[in-house]
Amino acid sequence: MLSEKMQGAMNKQINAELHSAYIYLSIAAYFEDKNLSGFGAWMRHQAEEEVGHAMRFFEFIAERRGRVLLEAVGAVPTEWASPLAAFENAFQHEQKISGMINDLMTLAQKEKDYAAASFLGWFVDEQVEEEASADAIVQKLKLGGESGAALLF
């Protein structure tokens with residue numbers, strides 16, 4: 001069984017993952033409004049991944065005879081100054097989520113919950129990929145500058 005601390009922290013992570021999905025959907029809507037459907041599709045895909053992450057936590061808690069407690073998902077931004085600003089927001093958010101995953105791993109180790117630590121290892125690796133993916137686009141957008149042609153490319 002999960003400790004109360006671990007269960008509570010994982011429930012918070014479910015909320016954070018669902019909040020991430022909302023952020024990505026909001027950015028997707030922003031891009032669709034700007035007629036940047038490729039960026040919108042990328043963000044919708046990210047949103048789907050975040051819901052999948054939330055469900056991994058949901059299932060893990062249930063398997064460990066814990067209780068999933070869902071909370072309200074907070075409001076998200078709806079406007080960005082530029083496509084670059086939107087992707088920078090996504091990258092910064094992924095860094096925040098990485099910190100939360102690291103905190104969960106620290107808690108699992110402190111609680112000597114080796115099953116949770118093993119489970120969280122996948123998320124540690126996943127966050128490296130998530131950050132690198134968002135950062136790669138940020139760097140490309142910076143290289144392209146304000147050029148509309150570069151943006152469309």
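Excluded from the calculations below are hydrogen atoms, water molecules and symmetry mates; all remaining heavy atoms, backbone and side chain alike, are included.
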Applied to residues 3-24, the salt bridge (charged side-chain N to carboxylate O under 4.0 Å, His left out) test, sequence neighbours excluded, yields none
List the residues meeting side-chain hydrogen bond (donor to acceptor under 3.5 Å, both in side chains) with S26, not counting sequence neighbours, and say none if there are none. none
Would you compute the distance between atom CG of L18 and atom CZ of F57 and round it to the nearest 0.5 angstrom? 11.0 Å
Suppose we screen for side-chain hydrogen bond (donor to acceptor under 3.5 Å, both in side chains). Which residues come up paired with D135, at least two apart in sequence or across chains? Q139
May I ask whether M55 and F123 are part of the same hydrophobic cluster, defined by side-chain heavy atoms of I, L, V, M, F, W, Y residues being less than 4.5 angstrom apart, directly or through others? yes
Working to the nearest 0.5 angstrom, can you tell me the gap between D125 CG and L120 CG? 11.0 Å
Mind checking what makes ring pair (Phe, Tyr, Trp, His ring centres under 6.0 Å) contact with Y24, not counting sequence neighbours? none
Might you point out which heavy atoms bring H19 and A75 nearest each other, and give the distance in Å? NE2-O, 3.5 Å
Side-chain donor-acceptor pairs under 3.5 Å in residues 63-71, sequence neighbours left out?
unit_1, atom_1, unit_2, atom_2, d
R64, NH1, D113, OD1, 3.1
R64, NH1, D113, OD2, 3.4
R64, NH2, M1, O, 3.4
R64, NH2, D113, OD1, 3.3
R64, NH2, D113, OD2, 3.4

Residue pairs, two or more places apart or on separate chains, that pass side chain to side chain donor-acceptor pair (under 3.5 Å) and touch residues 96-108: S98-Q127, S98-E131
same_hphob_cluster(I97, V128) at 4.5 Å side-chain heavy-atom cutoff: no
Taking C-beta and beyond as the side chain, do W42 and F31 meet within less than 4.5 Å on heavy atoms? no
Using 0.5 Å steps for rounding, measure from the CZ atom of F60 to the CD atom of Q7. 11.5 Å
Count I, L, V, M, F, W, Y as connected when their side-chain heavy atoms are under 4.5 Å apart, and connections chain through other members. Are I27 and L25 then in the same cluster? no
Partners of E111 by side-chain hydrogen bond (donor to acceptor under 3.5 Å, both in side chains), sequence neighbours excluded? S3
Using every non-hydrogen atom in the two residues, find where A9 and L107 come nearest and quote the distance to one decimal. CB-CD2, 3.8 Å
For K34, check side-chain contact (heavy atoms from CB on, under 4.5 Å) against everything at least two apart and list the hits. Y30, L36
Is there a side-chain contact between I14 and M10 in this structure, where contact means two heavy atoms from C-beta onward sitting under 4.5 Å apart? no
Smallest heavy-atom separation, A28 atom then G40 atom, equals CB-O, 3.5 Å
If you look only at distance, which donor and acceptor atoms sit under 3.5 Å apart when one is on a side chain in residues 43-50 and the other is two or more places apart or in another chain?
unit_1, atom_1, unit_2, atom_2, d
R44, NH1, E32, OE2, 2.7
H45, NE2, E49, OE2, 3.1
Q46, NE2, E130, OE1, 2.8
E50, OE1, H53, ND1, 3.3

Hey, mind stepping through I101 and M105 against side chain to side chain contact (heavy atoms under 4.5 Å, CB included) and telling me if it holds? CA-CA 6 Å; I101 295 294; M105 181 64 89; 5.7 Å; no
Are R56 and W122 close enough that some pair of their side-chain heavy atoms sits under 4.5 Å apart? yes
Please tabulate, for side-chain N and O atoms in residues 84-93, each donor-acceptor pair with protein atoms closer than 3.5 Å (sequence neighbours left out).
unit_1, atom_1, unit_2, atom_2, d
N89, OD1, W80, NE1, 3.1
H93, NE2, S20, OG, 2.6

